[in-house]
Amino acid sequence: MYSNDYNLRLIEELTLNHWQPLSTSLYDGWVLRFAKGYTKRANSVQAIYPSTLDVHEKVLACEHIYTSNQLNTIFKITPFVQPETLDQLLEDKGYVVLDRTIVQLRNLQDLQTPKSADIHIDEQLTDEWLHHFCRLNVVAEQFRGTMTQMLLNLRATTGFITLSVDGLVVACGLGVVEQGFIGLHDIITDPAYRNRGLAEQMILHLLYWGKSQGAVSSYLQVVAENAPARRLYTKLGYTDAYSYWYRIKNK
């Protein structure tokens, strides 16, 4: 895990800022997020601040709130959960683990110069970028409106990037800059164009853009079992900072 003197709780807060839900509700130190079921991060309980109420009663209340919104009750478990015993408590209540994920960091001081590529970065959300994002990520039509509003809810400087080959957009993603960090999100390459170094070059261009916006460090989140992505990020100089996972009620 990461040994430098980063405030890892700040990184966790940035990850939440940079993937906005449609709405939130604060409940005794817990942040409840809602986005009509699109992504677990935007539809889960973030228990990262101190609590005062009985934790068992709070879990029951969260289950009622999410059920009344036609959503599964999901908790995000980080090193910062309050109370610290929450993960074990949820396991005892029948919650199962999903999507073990690693948050990785790197500073931008020794950033490799990217190669020339057909790169385009917009600092405003565009219909064209949305089209390619939904196409490459195979976003279901029922979630497109929700995802669009989530991106419009961002309140930090954002770069929406695409990479084209022979005029065809084959990779895209976004970077969000806040408090000296650029967070990378939803980096995706068309399967037919993978293993050509395109994602690496697109990320380098995005990191250089982040530096121009004042970023001095970067973070990203990668599913622990995604070996190809982890190899890429290691090559780019990212190192593990901390891990998290989700707990969902086993029905």
Side-chain angles (χ1 to χ4, degrees), residues 15-25 31-46 62-63 65-77 95-102 120-122 124-156 158-165 168-176 183-194 198-199 202-203 206 220-230 232 244-251:
T15 69
L16 300 181
N17 288 351
H18 299 168
W19 192 249
Q20 285 289 330
L22 298 182
S23 64
T24 62
S25 180
V31 184
L32 283 58
R33 292 157 57 92
F34 306 90
K36 298 184 179 180
Y38 181 63
T39 77
K40 288 181 288 299
R41 197 183 337 162
N43 293 272
S44 53
V45 179
Q46 319 292 316
C62 289
E63 291 176 349
I65 292 168
Y66 278 89
T67 298
S68 67
N69 282 275
Q70 293 78 53
L71 295 170
N72 291 321
T73 307
I74 304 173
F75 288 80
K76 185 181 180 185
I77 304 298
Y95 282 73
V96 297
V97 172
L98 287 178
D99 293 348
R100 292 186 180 274
T101 302
I102 299 170
H120 185 76
I121 300 177
D122 279 306
Q124 300 292 329
L125 183 62
T126 67
D127 289 340
E128 182 178 6
W129 185 90
L130 269 173
H131 167 73
H132 293 300
F133 179 89
C134 292
R135 174 176 61 85
L136 293 172
N137 280 283
V138 195
V139 175
E141 185 62 31
Q142 72 187 88
F143 290 126
R144 177 167 176 151
T146 298
M147 185 207 71
T148 301
Q149 188 58 56
M150 289 167 62
L151 293 171
L152 290 172
N153 284 350
L154 284 168
R155 293 297 178 261
T158 305
F160 300 93
I161 191 169
T162 58
L163 182 149
S164 300
V165 174
L168 174 66
V169 172
V170 299
C172 71
L174 66 150
V176 189
L184 306 187
H185 298 275
D186 282 279
I187 303 298
I188 183 72
T189 304
D190 186 318
Y193 289 83
R194 290 176 184 170
L198 298 177
M202 185 176 71
I203 289 171
L206 190 55
L220 56 80
Q221 300 160 96
V222 58
V223 175
E225 295 181 353
N226 189 344
R230 294 191 65 185
L232 169 61
Y244 69 83
W245 54 90
Y246 294 95
R247 287 277 186 184
I248 184 171
K249 192 66 173 289
N250 189 11
K251 295 182 178 180

Asker: With heavy-atom distances below 4.5 Å as the criterion, would you say the side chains of Leu220 and Ile203 are in contact?
Answerer: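 A side-chain contact is absent here, since even the closest heavy-atom pair is not under 4.5 Å.
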
Asker: First locate atom CG of Leu98, then atom NZ of Lys40, and finally report the distance between them rounded to the nearest 0.5 Å.
Answerer: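 It comes to 6.0 Å.
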
Asker: Grab the two heavy atoms, one from Cys172 and one from Trp129, that are nearest each other, plus how far apart they are.
Answerer: CB-NE1, 4.1 Å

Asker: Closer than 3.5 angstrom, by distance alone: can the side chain of Thr158 be matched with the main-chain N or O of Ala156 as a donor-acceptor pair?
Answerer: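 It does hold such a pair.
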
Asker: Under a 3.5 Å distance rule, please check whether Asp186 uses its side chain to pair with a backbone N or O of Leu174 as donor and acceptor.
Answerer: no

Asker: Is any side-chain heavy atom of Tyr66 less than 4.5 Å from a side-chain heavy atom of Ile74?
Answerer: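 SC-SC contact between Tyr66 and Ile74 ruled out.
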
Asker: Can Leu163 and Tyr193 be said to form a side chain to side chain contact (heavy atoms under 4.5 Å, CB included), step by step?
Answerer: CA-CA 11 Å; Leu163 182 149; Tyr193 289 83; over 6 Å; no

Asker: Atom CG in Leu32, atom CZ in Phe75: separation rounded to 0.5 Å?
Answerer: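 Rounded to the nearest 0.5 Å, the CG-CZ separation comes out at 7.5 Å.
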
Asker: Which distance, rounded to the nearest 0.5 Å, do you find between the CG of Asn72 and the CD of Glu63?
Answerer: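 Rounded to the nearest 0.5 Å, the CG-CD separation comes out at 11.0 Å.
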
Asker: Stepwise, does the side chain to side chain contact (heavy atoms under 4.5 Å, CB included) test hold for Val97 with Arg247?
Answerer: CA-CA 5 Å; Val97 172; Arg247 287 277 186 184; 3.3 Å; yes

Asker: Tell me the closest heavy-atom pair linking Ala42 and Met150, and the distance in Å.
Answerer: CB-CE, 3.6 Å

Asker: Walk me through it: do Tyr246 and Arg41 pass the test side chain to side chain contact (heavy atoms under 4.5 Å, CB included)?
Answerer: CA-CA 9 Å; Tyr246 294 95; Arg41 197 183 337 162; 3.4 Å; yes

Asker: So, taking the atom named CZ in Phe133 and the one named CG in Leu125, what distance separates them when rounded to the nearest 0.5 Å?
Answerer: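 With rounding to 0.5 Å, CZ (Phe133) is 10.0 Å from CG (Leu125).
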
Asker: So does Leu151 get a backbone contact from the side chain of Trp19, meaning a donor-acceptor N/O pair under 3.5 Å?
Answerer: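 Not confirmed, Trp19 side chain does not pair with Leu151 backbone.
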
Asker: Which atom names give the shortest non-hydrogen contact between Ala35 and Asn43, and what distance separates them?
Answerer: N-OD1, 2.7 Å

Asker: Please report the closest heavy-atom contact between Gly173 and Ile187, naming both atoms and the distance.
Answerer: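 What the structure gives for the nearest pair is CA-CD1, 4.0 Å.
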
Asker: Quick one: are Met147 and Thr39 in side-chain contact, heavy atoms under 4.5 Å?
Answerer: no

Asker: Could you state the interatomic distance from CG (Asp122) to CZ (Phe160), rounded to the nearest 0.5 Å?
Answerer: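 Output value for this atom pair is 8.5 Å.
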
Asker: Any donor-acceptor pair under 3.5 Å linking the side-chain atoms of Ser44 with those of Gln46?
Answerer: yes

Asker: Sub-3.5 Å donor-acceptor pair from the side chain of Gln20 to the main-chain atoms of His18, do we have one?
Answerer: no

Asker: Are Val169 and His131 side-chain neighbours, meaning at least one heavy-atom pair lies under 4.5 Å?
Answerer: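 Heavy-atom side-chain distance check fails, nothing below 4.5 Å.
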
Asker: Does any N or O in the side chain of Arg155 come within less than 3.5 Å of the main-chain N or O of Asn153, such that one atom is a donor and the other an acceptor?
Answerer: yes

Asker: Got Pro228 and Arg194 here, is their nearest side-chain heavy-atom distance under 4.5 Å?
Answerer: no

Asker: Between Arg144 and Val139, is there a donor-acceptor pair closer than 3.5 Å when you use the side chain of the first and the backbone of the second?
Answerer: no

Asker: Could you walk me through whether His120 and Glu128 pass the side chain to side chain contact (heavy atoms under 4.5 Å, CB included) check?
Answerer: CA-CA 11 Å; His120 185 76; Glu128 182 178 6; over 6 Å; no

Asker: If you round to the nearest 0.5 Å, how far is CZ of Arg230 from CD1 of Ile102?
Answerer: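 Reported to 0.5 Å precision, the distance equals 3.5 Å.
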
Asker: Looking only at heavy atoms, what is the nearest atom pair of Gln221 and Thr101, with distance?
Answerer: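 Minimum heavy-atom separation between Gln221 and Thr101: CB-CG2, 4.0 Å.
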
Asker: Quick check: closest heavy atoms across Leu206 and Gly159, and the distance to 0.1 Å?
Answerer: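 Closest pair (atom of Leu206, atom of Gly159, distance): CD1-O, 4.1 Å.
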
Asker: Give a yes or no answer on whether the side chain of Asp190 reaches the backbone of Val170 with a donor-acceptor pair at less than 3.5 Å.
Answerer: no

